[in-house]
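Have a look at the structure below, then the notes.
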Amino acid sequence: MEIPQEDSPQQVSQTGLAPEQLWKKPKRNGGRGIRILASNYRPRPEATPKMPIRKLLQDASRQSAANVIYDNAGNVRHVIPKAPASMMSRSIREMSLPPFLAQQGLHQVRVPLGTEAGKKITFSSVLLQASRVSQAGARIILVAEADDAQQIPGGGIALVKRNAGYTLVEAADFALVADGADVSDSALPVYRDMIDLDTMPAYGFRVALSRAEQKAYEEGQLSDHALVSIALGLARVADQVLLSAINASTPATFSLGAAAALGVEFSELRALVGTAGTGAAVGQDGTLRAAGVLAELTPASAETIVGSFSRAAVAVHEDIRLVAERTSKQGELVLTAWLNAQALLPLPGAFFKVTA
């Protein structure tokens, strides 16, 4: 995704971006912005300061809507309109949930993931814990920025290509061969799905925060709540990405015979029950199952999917970009978050749809 990466809110204030550029889906411009392959390479900018979302919102509220250029005599020469906004780009490996969010005196806060005393919970940990596809066995692959270019003797730079993706290695299919007969050729049971940063989809979340809403919360509470909501949203994106890819592959109807032909153990199978609730039932022991397979609920799909989720993955770019923009003189703010994610489905036949 292509959102300018700046080192500080002060630098961002001079980018000259139009307001609509801050919340529309970023243009890729040839794949620049996030990097892993040499063909997509751009040198990494200096590290972004660790700016909490509270400071980001505060800085955006103080931004002006123009840059003014003066001459030597102090007279105004140019007025350049710009978006009164601040940006930050941080790795989800480093961003963490605010501590003791649920303990705010008499006012109690419920979040799906609690915070333990003295324990740091990063966004990447939330992604692993809260994602239903991750709980079912799917891999979450965090994609890092590319390494810096290397200088080579005689001038110039060298860019290193790094192949990244998800590979499955299945059992070779041995066959009985009669005396004097030749062994027939077989396909190598290795399946790959590669990460492509040029086409990795961008997912965005945008919310308007009125002045009244900001004043309704005590200092820092609104930003803390927004931070937790965004962290949980990352997990929801991972579920949506993978389940959408599975549904797009038009999976066959589930049966134990079809699963046996795939070569999986029954214990590998998991089910995710979508909003239609197809095939779901709760046993007398209180366990949710779909077609007899241990299941969990998900809002990320209408269908009920059964499969070997360890044979799929979700690639998530580790950088999340946050943009805060002041949209009125009254202090209304708009907060936008951007994330890139891609489903990796080397063997679509490992998943089935429950029809009844």
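One is the number of the first residue; the rest follow in order along the sequence. For the numbers below, each heavy atom of this structure counts, side chains included, while hydrogens, waters and symmetry mates do not.
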Checklist outcome for this item: The reported gap from OG in Ser186 to CZ in Phe174 (rounded to nearest 0.5 angstrom) is 9.5 Å
Item to check | Side-chain touch Ile157/Ile152, heavy atoms, less than 4.5 angstrom | outcome: no
Checklist entry - What is the minimum heavy-atom distance between Val293 and Ala271, and which atoms define it? => result CG1-N, 3.9 Å
Item to check | Inter-residue atom distance Glu170.CD - Leu188.CG, 0.5 Å rounding | outcome: 11.0 Å
Checklist entry - How many angstroms lie between OG in Ser134 and CG in Leu242, if you round to the nearest 0.5 Å? => result 10.5 Å
Checklist entry - Can you tell me if CZ on Arg236 sees more than 12 non-hydrogen neighbours from other groups inside 6.0 Å? => result no
Checklist entry - Does one hydrophobic cluster hold both Leu297 and Leu232, with members joined at side-chain heavy-atom distances below 4.5 Å? => result no
Next on the checklist: Before you tell me yes or no, could you show the steps for Tyr203 and Val241 under side chain to side chain contact (heavy atoms under 4.5 Å, CB included), namely the whole-Å CA-CA distance, both residues' side-chain angles and the distance that decides it to 0.1 Å?
Outcome noted: CA-CA 10 Å; Tyr203 294 84; Val241 167; 3.2 Å; yes
Next on the checklist: Let's go through Trp338 and Phe205 carefully: what are the C-alpha distance in whole Å and the side-chain angles of both, what is the deciding distance for side chain to side chain contact (heavy atoms under 4.5 Å, CB included) to 0.1 Å, and is it a yes or a no?
Outcome noted: CA-CA 7 Å; Trp338 289 104; Phe205 169 74; over 6 Å; no
Next on the checklist: Nearest 0.5 angstrom please: Ile320 CD1 to Leu234 CG, how far?
Outcome noted: 4.5 Å
Checklist entry - Should we say atom CZ of Arg93 is surrounded by more than 12 heavy atoms from elsewhere, each under 6.0 Å from it? => result yes
Next on the checklist: Counting C-beta onward and ignoring hydrogens, is there a side-chain heavy-atom pair between Leu335 and Val323 closer than 4.5 Å?
Outcome noted: no
Item to check | Single-linkage hydrophobic cluster Val190~Ile141, side-chain heavy atoms < 4.5 angstrom | outcome: no
Checklist entry - Above 12 or not: heavy atoms from other molecules or residues under 6.0 Å from CG of Asp285? => result yes
Checklist entry - What about the rings of Tyr166 and Tyr191, do their centers lie closer together than 6.0 Å? => result no
Checklist entry - Ignoring hydrogens and geometry, is there a side-chain-to-backbone donor-acceptor pair from Glu268 to Gly137 under 3.5 Å? => result no
Checklist entry - Is there a side chain to side chain contact (heavy atoms under 4.5 Å, CB included) between Leu142 and Leu127 once you walk through the steps? => result CA-CA 10 Å; Leu142 298 183; Leu127 180 56; 4.2 Å; yes
Checklist entry - Does any donor atom in the side chain of Ser131 or Asp239 lie under 3.5 Å from an acceptor atom in the other side chain? => result yes
Next on the checklist: If I take atom CD1 from residue Ile305 and atom CZ from residue Arg270, how far apart are they, to the nearest 0.5 angstrom?
Outcome noted: 16.0 Å
Next on the checklist: Are Val354 and Leu256 linked, directly or through intermediate hydrophobic residues, by side-chain heavy-atom contacts shorter than 4.5 Å (ILVMFWY only)?
Outcome noted: yes
Next on the checklist: Looking at every non-hydrogen atom in both residues, tell me the closest pair between Ala337 and Leu322 and how far apart they are.
Outcome noted: CB-CD2, 3.5 Å
Checklist outcome for this item: Closest heavy-atom pair, Leu345 versus Ala245, reported as atoms and distance to 0.1 Å, is CD2-O, 3.9 Å
Checklist entry - Is Leu347 close to Leu262 at the side-chain level, that is, under 4.5 Å between some pair of heavy atoms? => result yes
Checklist outcome for this item: In terms of heavy-atom contacts, Asn247 and Ser301 come closest through ND2-OG, 3.1 Å
Next on the checklist: Measuring from atom CE of Met200 to atom CG of Asn340, what distance do you get when rounded to the nearest 0.5 angstrom?
Outcome noted: 6.5 Å
Item to check | Polar side-chain atom of Gln135 near backbone of Gln129 as donor-acceptor pair, under 3.5 Å | outcome: yes
Checklist entry - For the side chain of Glu332 and the backbone of Arg326, is there at least one donor-acceptor N/O pair under 3.5 Å apart? => result no
Checklist entry - Taking C-beta and beyond as the side chain, do Leu227 and Leu97 meet within less than 4.5 Å on heavy atoms? => result no
Checklist entry - Tell me, do Ser124 and Met95 make a side-chain contact under 4.5 Å, heavy atoms counted? => result no
Item to check | Least distance between heavy atoms, Phe352 atom then Ala258 atom | outcome: CE2-CB, 3.6 Å
Checklist outcome for this item: On a heavy-atom basis, the closest approach of Ala231 and Val126 is O-CG1, 3.7 Å
Item to check | Thr304 side-chain N/O to Thr278 backbone N/O, donor-acceptor pair under 3.5 Å | outcome: yes
Checklist entry - Looking only at atom types and distance, does a side-chain atom of Ser96 sit under 3.5 Å from a main-chain N or O of Thr122, one as donor and one as acceptor? => result no
Next on the checklist: Do Val316 and Phe123 sit in one hydrophobic cluster, given that two such residues count as connected whenever their side-chain heavy atoms are within less than 4.5 Å of each other, even indirectly?
Outcome noted: yes
Checklist entry - Side-chain contact, heavy-atom cut-off 4.5 Å: Val133 with Leu272? => result yes
Next on the checklist: Are Leu269 and Leu288 linked, directly or through intermediate hydrophobic residues, by side-chain heavy-atom contacts shorter than 4.5 Å (ILVMFWY only)?
Outcome noted: no
Checklist entry - Between Arg289 and Leu294, does a side chain to side chain contact (heavy atoms under 4.5 Å, CB included) hold up when you go through it step by step? => result CA-CA 5 Å; Arg289 293 183 180 273; Leu294 193 64; 4.2 Å; yes
Checklist entry - Given side chains that start at C-beta, do those of Ser91 and Glu318 come closer than 4.5 Å, heavy atoms only? => result yes
Checklist entry - Under 4.5 Å between any side-chain heavy atoms of Leu222 and Leu209, yes or no? => result yes
Item to check | Whether Ser125 side chain and Ile121 backbone form a donor-acceptor pair below 3.5 Å | outcome: no
